[in-house]
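Input: a single structure, listed below in structure tokens.
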Amino acid sequence: MRQLSIPGAWVHEPEVITDSRGSFHEWFRASDLDAAQGHPLGLAQANFSTSALGTLRGIHFADVPPGQAKYVKCVRGAVLDVIVDVRAGSPTYRRWEGVRLDDSGHRAVYLAEGLGHAFMALTDDACVLYLCSQGYAPTREHGIDPFDAELGIEWPRDIAPLLSGKDAAAPSLAEAEERGLLPSYAECEAYYARLRTTGPPPAGMRAGEPALIRAGR
């Protein structure tokens, strides 16, 4: 795992072994991620998406706690994967970093809870896998305009973007901050420290929620 310039963001660059039969690589190893982040990834949900050339998904993030950490890999085609620090008060607030994920280099990225995530499909029928620490919860999830001039993300200029209506109508970073939608860096840091001490909560459970209450629902 190689740490990116945004704290809480990592890229996995596996050794790809090839021969006449094809190729083999380890696209996820729990011990490597545990060592990097200091705690296990609590797997609550695994997603799979296919995207036409130019499809742009994001920028998405979730309330913290519990947020939604993601481990993302492209298994067919290629995407430009972008991580954005939307944690208000972070020393790298507003910074973004892009990583090409494709079916030849087989990189994967990990982003901690509270970070924003987006990607654009660089090929037709790009297929992406996501491992998520929490399940989808629409009331806790938010978006930022991927073309916000304040962020200045350098999307490919030779590809026409395709956005959902929801992503196209997302607020700017400044508007989201004004509305109090952004996660606090201090709250994120406190949550990361809790994960390093106690480990991830059971799948689908909000941080700090009593297990017996959850089990009784």
Side-chain angles (χ1 to χ4, degrees), residues 1-12 28 30-47 58-72 81-97 99 108-118 130-144 148 150-151 170-215 217:
M1 301 292 292
R2 175 171 61 86
Q3 186 165 19
L4 299 176
S5 65
I6 299 171
W10 301 77
V11 60
H12 172 58
F28 173 79
S31 59
D32 290 349
L33 185 56
D34 293 358
Q37 274 295 92
H39 63 81
L41 172 66
L43 179 58
Q45 185 170 309
N47 300 333
I59 304 164
H60 302 147
F61 64 96
D63 294 337
V64 179
Q68 188 185 59
K70 296 176 182 176
Y71 190 90
V72 186
D81 195 273
V82 173
I83 299 168
V84 186
D85 195 344
V86 298
R87 301 168 297 188
S90 167
T92 54
Y93 180 55
R94 300 187 185 92
R95 182 179 297 176
W96 65 273
E97 187 156 355
V99 179
V109 296
Y110 170 80
L111 56 148
E113 297 84 351
L115 293 175
H117 180 251
Y130 323 61
L131 303 182
C132 304
S133 65
Q134 291 288 326
Y136 176 65
T139 59
R140 294 190 285 104
E141 305 207 7
H142 311 284
I144 298 292
D148 183 357
E150 183 181 9
L151 293 173
S172 68
L173 184 68
E175 289 169 338
E177 185 174 10
E178 221 173 83
R179 297 180 197 175
L181 299 177
L182 301 181
S184 155
Y185 180 68
E187 289 179 343
C188 289
E189 282 290 290
Y191 186 60
Y192 305 153
R194 193 185 323 167
L195 290 176
R196 288 191 289 268
T197 302
T198 63
M205 183 188 299
R206 290 185 63 96
E209 185 177 14
L212 290 177
I213 294 177
R214 177 67 185 181
R217 288 181 181 170

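Source: prediction; values computed, not measured.
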Does a side-chain heavy-atom distance below 4.5 Å link Q68 with E141? yes
Kindly give the heavy-atom pair with the smallest separation between [X] and [Y], and that separation in Å.
{"X": "E113", "Y": "C188", "result": "O-SG, 4.1 Å"}
{"X": "I59", "Y": "V84", "result": "CD1-CG2, 4.0 Å"}
{"X": "Q134", "Y": "Q45", "result": "O-CB, 4.3 Å"}
{"X": "N47", "Y": "C132", "result": "ND2-SG, 3.6 Å"}
{"X": "L111", "Y": "G116", "result": "CD1-O, 4.0 Å"}
{"X": "D63", "Y": "L181", "result": "OD1-O, 4.2 Å"}

Just to verify, what does [X] make a side chain to side chain donor-acceptor pair (under 3.5 Å) with, not counting sequence neighbours?
{"X": "H12", "value": "none"}
{"X": "Y71", "value": "none"}
{"X": "S5", "value": "E97"}

Taking atom CZ of R196 and atom NE2 of H39, what is their separation to the nearest 0.5 Å? 6.5 Å
What pairs with Y110 under ring-ring contact (aromatic ring centres under 6.0 Å, His included), at least two apart in sequence or on another chain? none
Filter on salt bridge (charged side-chain N to carboxylate O under 4.0 Å, His left out), then keep only pairs touching residues 170-181, sequence neighbours left out; what's left? none
Please list all pairs passing the salt bridge (charged side-chain N to carboxylate O under 4.0 Å, His left out) test where one or both residues lie in residues 86-95, with sequence neighbours left out. D85-R87, R94-E150
